[in-house]
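Working notes, beginning with the structure itself.
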Amino acid sequence: MNRRKKSSALLQQILFVGPSTIFFILIMIIPFFLGLYYSFTNWNGVSSKIDFVGFHNFITIFTNDDKFRDAFSFTARFTILGVILTNLLGFLLAYFLTKPLKTRNVLRTIFFMPNVIGGLLLGFIWQFIFVKGFAAIGTATNLGFFNLPWLGTKGTAFWAIVIVFVWQTAGYLMVIYISSLNNVPKDILEAAEIDGASRGQVLRSIIIPLVMPAVTVCLFLAISWSFKMFDLNLSLTKGGPFGSTESVAMNIYNEAYTNNRLGLGTAKAVIFFIVVAIITSLQVRFTKSKEVEA
């Protein structure tokens, strides 16, 4: 009888978990290990001839690839600003939209909508806004902000990508923060109010420590989104002007599929994966240590 129950349970597990496990192995695990193998070769992605070159690709990247270093510098600066601004805006929106406002549901929908739009489409829309829309407003109002060459210089193109990224992703983080803020115990807030605590003190000493699990998730998401940013980069600037806004993801793509050096491109991807994995692991470990229970 016990053997029959065990066999039935095993069959159920295979039926329900088996297909997803097989697809996960085929789509994620096998390509990952193939990428590790190709990073030690000089394969161009087309030829049937694959030569093993050892650590030559990695040595080339660290000693003779200024474009990759510039791309990493741009991505690091973009990630720092993107993570901070996205989380600040997402938390502020969530904080005010958990107040008893009549239009809060409508406002939540409006702020979340940019996240629904695909990155490429969103980038082309904002490209039109920066090039045509802002120029028209600048001509009509003569305001310097709208007359800036937003996609034409290194500095303004960088900020253009940051603005669009924050505008797109803050709404998603807002939803996570709203859920966490709604779970803050009301009796604790009422006790603090009775004790005479100010709104700033309540926010700093009660609300933020209690929503730290949401902060952990939101920081993790924002870091991974920022580092992996490709679609906005492609549709807004294509890495220009003069490669000044080329992200690491775009640099890897260009190396593998434009320059036909897939071995070198996958080596860059391996380095990129290791760096992102280390940073996100440290972030999760740090913010987890700050979490408290109500």
* After noting the C-alpha distance and the side-chain angles of Thr266 and Ser39, does the key distance pass the side-chain hydrogen bond (donor to acceptor under 3.5 Å, both in side chains) rule? -> CA-CA 5 Å; Thr266 51; Ser39 67; 5.1 Å; no
* Is there a side chain to side chain contact (heavy atoms under 4.5 Å, CB included) between Phe111 and Val175 once you walk through the steps? -> CA-CA 10 Å; Phe111 289 124; Val175 173; over 6 Å; no
* Go through the steps for Val284 and Thr216 under the test side chain to side chain contact (heavy atoms under 4.5 Å, CB included), then give the verdict. => CA-CA 6 Å; Val284 170; Thr216 299; 4.3 Å; yes
* To do: For side chain to side chain contact (heavy atoms under 4.5 Å, CB included), just list the numbers for Ile207 and Leu189, CA-CA rounded to whole Å, side-chain angles, deciding distance to a tenth of an Å, and then say yes or no.
  => CA-CA 8 Å; Ile207 294 177; Leu189 299 178; 4.0 Å; yes
* What do the steps show when you test Phe227 against Val248 for side chain to side chain contact (heavy atoms under 4.5 Å, CB included), and what is the final call? -> CA-CA 8 Å; Phe227 268 112; Val248 174; over 6 Å; no
* To do: Evaluate the side-chain hydrogen bond (donor to acceptor under 3.5 Å, both in side chains) criterion for residues Thr237 and Thr245: first the C-alpha distance (whole Å), next the side-chain angles of each, then the deciding distance (0.1 Å), finally the verdict.
  => CA-CA 7 Å; Thr237 65; Thr245 61; 2.9 Å; yes
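Between Ala192 and Val202, the closest heavy-atom pair is CB-CG2, 4.0 Å. The heavy-atom pair separating Leu101 from Phe96 by the smallest distance is CD1-O, 3.5 Å. Ala157 approaches Pro241 most closely through the heavy-atom pair CB-CD, 4.0 Å. Across every non-hydrogen atom of Val83 and Ser226, the tightest pair is CG2-OG, 3.9 Å. Of all non-hydrogen atoms in Tyr177 and Ala94, the two that sit nearest each other are CB-CB, 3.4 Å. Closest approach of Val46 and Trp43 over heavy atoms only: N-NE1, 3.7 Å.
Thr280 contributes atom OG1, which lies 11.5 Å from atom CG of Leu219 (distance to the nearest 0.5 angstrom). Summarising the geometry, atom CE belonging to Met174 is positioned 11.0 Å from atom SG belonging to Cys218; distances are rounded to the nearest 0.5 Å. Between atom CG of residue Leu122 and atom CZ of residue Phe165 there is a gap of 11.5 Å, rounded to the nearest 0.5 Å. The CZ atom of Arg108 sits 4.0 Å away from the CD1 atom of Ile178 when rounded to the nearest 0.5 Å. Remark: Leu181 CG to Leu210 CG distance equals 10.0 Å, nearest 0.5 Å. Distance CD1/Ile25 to CD1/Ile27: 11.0 Å, rounded to 0.5 Å.
For Trp150 and Trp159, the ring centers sit 6.0 Å or farther from each other. A centroid separation of less than 6.0 Å is found between the aromatic rings of Phe273 and Phe32. Side-chain rings of Tyr172 and Trp225 approach one another, their centers coming within less than 6.0 Å. Aromatic ring centroids of Phe62 and Phe58 lie 6.0 Å or more apart.
Criterion: ILVMFWY side-chain heavy atoms under 4.5 Å apart, direct or through other members. Under it, Ile84 and Leu81 are not part of a common hydrophobic cluster. One hydrophobic cluster, built from ILVMFWY side chains closer than 4.5 Å, holds both Leu221 and Ile278. Hydrophobic clustering (ILVMFWY, side-chain heavy atoms < 4.5 Å, transitive): Ile274 and Val276 are in one cluster. Two different hydrophobic clusters hold Met113 and Phe124 under the rule that ILVMFWY side chains link at heavy-atom gaps under 4.5 Å. In the hydrophobic clustering of this structure, Leu93 groups with Ile117; members are Ile, Leu, Val, Met, Phe, Trp, Tyr whose side-chain heavy atoms approach within less than 4.5 Å, directly or through other members.
Side-chain atoms of Ile50 and Tyr37, non-hydrogen and from C-beta on, do get closer than 4.5 Å to each other. Counting heavy atoms from C-beta on, the side chains of Leu173 and Asn87 come closer than 4.5 Å. Annotation: side chain of Val275 is in contact with side chain of Phe72 (closest heavy-atom distance under 4.5 Å). Using a 4.5 Å heavy-atom threshold, the side chains of Thr79 and Met229 count as separate. In this structure the side chain of Leu203 reaches within 4.5 angstrom of the side chain of Phe91, judged on heavy atoms. Side-chain contact check for Ile252 versus Phe230: every heavy-atom pair is 4.5 Å or farther apart. Under the 4.5 Å side-chain criterion, counting only non-hydrogen atoms from C-beta, Arg69 is not in contact with Ile61. Side-chain contact between Leu36 and Val270 is present, with at least one heavy-atom pair separated by less than 4.5 Å.
Only one option out of Arg261, Glu246, Lys238 pairs with Asn254 in a side-chain hydrogen bond (donor to acceptor under 3.5 Å, both in side chains); it is Glu246.
Residue Glu193 places its CD atom among 12 or fewer non-hydrogen atoms of other residues, nucleotides or ligands, all under 6.0 Å distant. Within a 6.0 Å radius of CZ in Phe286, other residues, nucleotides and ligands contribute 12 heavy atoms or fewer. Within 6.0 Å of CZ on Phe220 lie no more than 12 heavy atoms contributed by other residues, nucleotides or ligands. Counted within 6.0 Å of OH on Tyr253, heavy atoms from surrounding residues, nucleotides or ligands total 12 or fewer; the atom is thus considered open.
The aromatic rings of Phe74 and Phe78 sit parallel to each other, their planes meeting at less than 30°, with 60° as the upper class boundary. In this structure, Phe134 and Phe145 have tilted ring planes: the angle between them lies in the 30° to 60° band.
Residues forming a side-chain contact (heavy atoms from CB on, under 4.5 Å) with Val53 (at least two apart in sequence, or on another chain): Asn42, His56, Asn57.
Of the possible polar contacts, one joining the Ser20 side chain to the Val17 backbone as a donor-acceptor pair under 3.5 Å is found. Checked by atom type and distance alone, the side chain of Thr86 never pairs as donor or acceptor with a backbone atom of Ala170 at under 3.5 Å. A donor-acceptor pair under 3.5 Å links the side-chain atoms of Ser247 to the main chain of Met250, judged by distance alone. Side-chain atoms of Ser179 never come within 3.5 Å of backbone atoms of Ile176 as a donor-acceptor pair (strictly under, hydrogens ignored). Using a distance-only test at 3.5 Å, with no hydrogens or angles considered, no donor-acceptor pair links the side chain of Asn64 to the main chain of Thr60.
Because its NZ or CZ atom is not both nearer than 6.0 Å to the ring centre of Phe272 and within 45° of the ring axis, Lys268 does not count as a cation-pi partner of that residue.
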